[in-house]
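Everything quoted here is computed from the prediction, not taken from an experiment. All ligand and atom numbering here is 1-based and tracks the order in the structure.
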Amino acid sequence: MPALEAILLVGGQGTRLRPLTLGTPKPLLPTAGVPFLAHQLARARSYGVRRIVFATSYKASMFEPVFGDGSAFGLTLDYMTEETPLGTGGAIRNAAEALTCAPGDPVLILNGDILSGHDIGAQIRTHQRGSAAVTLHLTEVDDPSRFGCVPTDDEGRVTAFLEKTPNPVTNRINAGCYVFTRSVIDSIPQGEVVSVERQTFPGLIEAGEPVLGYADRTYWLDVGTPAAFVQGSRDLVLGRLESPALPGPTGEYLALDGARVSPEAKVHGGSTVGARAVVEAGASVTGSVLSDDCVIHAGATITDSVVGRGARVCAGAVVCDAVVGDGAVVGAGNELQAGVRVWPGIELPECAVRYSSDV
Ligand code: GTP
């Protein structure tokens with residue numbers, strides 16, 4: 001059997017993560033010290049994947065300079081770009097042109113914005129044992145009303161794909177990792193906009209094809225929002241999710257090359273301090289992502305937030321549950337809270353203003 005092949009969906013615009021995704025696509029955002037995708041590549045490889053096709057669209061040209069031919073990751077990488085975005089199904093169909101496996105072989109498909117600790121090998125075995133068309137990873141969440149849910153029958157067959165509802169029939173949701181039988185990918189119409197969630201999966205179920213669920217409750221996170229992105233980075237640094245790609249030991253914080261953290265600063269809670277970033281005396285940084293070359297001045301407090309490349313947070317400012325865009329400056333005394341985003345390059349003058357909407 002040829003080595004397992006995978007398709008990684010990385011063409012989305014990442015609108016919920018703006019302004020972080022204005023200059024960098026979501027899958028390339030530095031997460032626990034490396035591009036987000038590095039964690040997924042390392043995990044896929046640990047389950048026997050040797051060849052991955054990137055399905056790119058938004059900022060497509062930025063991927064190859066980072067990952068090249070994949071040899072640095074022990075992988076062979078290919079890049080298939082959609083001129084206009086084709087949606088998840090159309091992207092999978094387009095990328096499949098670069099696959100080399102046979103029609104009956106399994107192909108792993110990964111959304112490029114998921115951190116998951118699930119056993120990919122067990123998901124593939126479920127697929128093969130059940131001779132399935134598609135096997136979906138399903139994760140169990142405490143509040144399924146925020147997602148569409150995916151009920152299964154006693155044999156693990158998916159019975160429906162249900163839209164968001166206040167009274168979901170199950171707490172199992174689509175976790176964004178699929179095993180497809182190659183021939184099923186080839187039956188998706190070529191060059192058309194297709195959604196696997198809204199069209200392909202419901203269509204297969206309707207046609208009576210075997211669509212299986214592989215359900216578990218291991219670590220799972222969709223890093224699509226700023227709060228979730230910060231949480232993912234924090235969990236990797238703290239070791240709540242093991243990643244072979246983490247560029248240092250797990251612990252209270254990860255400092256990249258040239259980072260300078262004053263012995264009188266407090267940095268903890270799984271924070272990352274980017275390359276050449278500075279944290280001055282008396283500053284406090286908790287569970288946050290500090291990007292390369294940013295400066296946190298004396299006495300500033302950063303909690304559960306992202307501070308962009310080259311940004312500055314001045315003395316005594318408070319940044320909580322917020323995003324400070326690349327090159328932005330938060331003047332002394334200001335307070336950012338509750339999901340506020342400061343756009344790249346904006347300078348908030350020194351002033352005691354409490355911001356609770358975007359600037
Ligand atoms: P939001 O705009 O914030 O919703 O994020 P997104 O653009 O990433 O969309 P979503 O989270 O729904 O996408 C799920 C996965 O599919 C992500 O890994 C996206 O990169 C990917 N994706 C979504 N649409 C497309 C597409 O048209 N083409 C390709 N190649 N990938 C896509």
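- Ligand 1 has no nitrogen or oxygen under 3.5 angstrom from a nitrogen or oxygen of Thr88.
- The aromatic rings of Phe201 and Phe161 lie tilted to each other, with the angle between the two planes from 30° to 60°.
- Distances between N or O atoms of Gly224 and those of ligand 1 include no value under 3.5 Å.
- Annotation for Glu252: atom CD counts as buried by contact number, over 12 foreign heavy atoms lying within 6.0 Å.
- Expressed to the nearest 0.5 Å, how far CD1 of Ile346 lies from CG of Asp326 amounts to 12.5 Å.
- For ligand 1 and Glu82, the ligand atoms under 4.0 Å from any heavy atom of the residue are 26 (C), 27 (O), 28 (N), 29 (C), 30 (N).
- Within a 4.0 Å radius of atom 11 (O) of ligand 1, the protein contributes one or more non-hydrogen atoms.
- When distances from atom 2 (O) of ligand 1 to the protein are checked, a heavy atom turns up under 4.0 Å.
- Here the protein heavy atom with the shortest distance to atom 7 (O) of ligand 1 is Gln13 N, 2.9 Å.
- Residue Gly87 holds the heavy atom nearest to atom 27 (O) of ligand 1 of all those in Gly87, Ala91, Gly12.
- Scanning the protein for heavy atoms near atom 5 (O) of ligand 1, the closest one is Lys26 NZ, 3.2 Å.
- Looking at Gln123 and Thr135, their side chains never bring a donor and an acceptor atom within 3.5 Å of each other.
- With rounding to the nearest 0.5 angstrom, the CG atom of Leu20 is 6.0 Å from the CG atom of Leu29.
- With a 6.0 Å radius and a threshold of 12 heavy atoms from other residues, nucleotides or ligands, Asp257 has its CG atom at or below the threshold.
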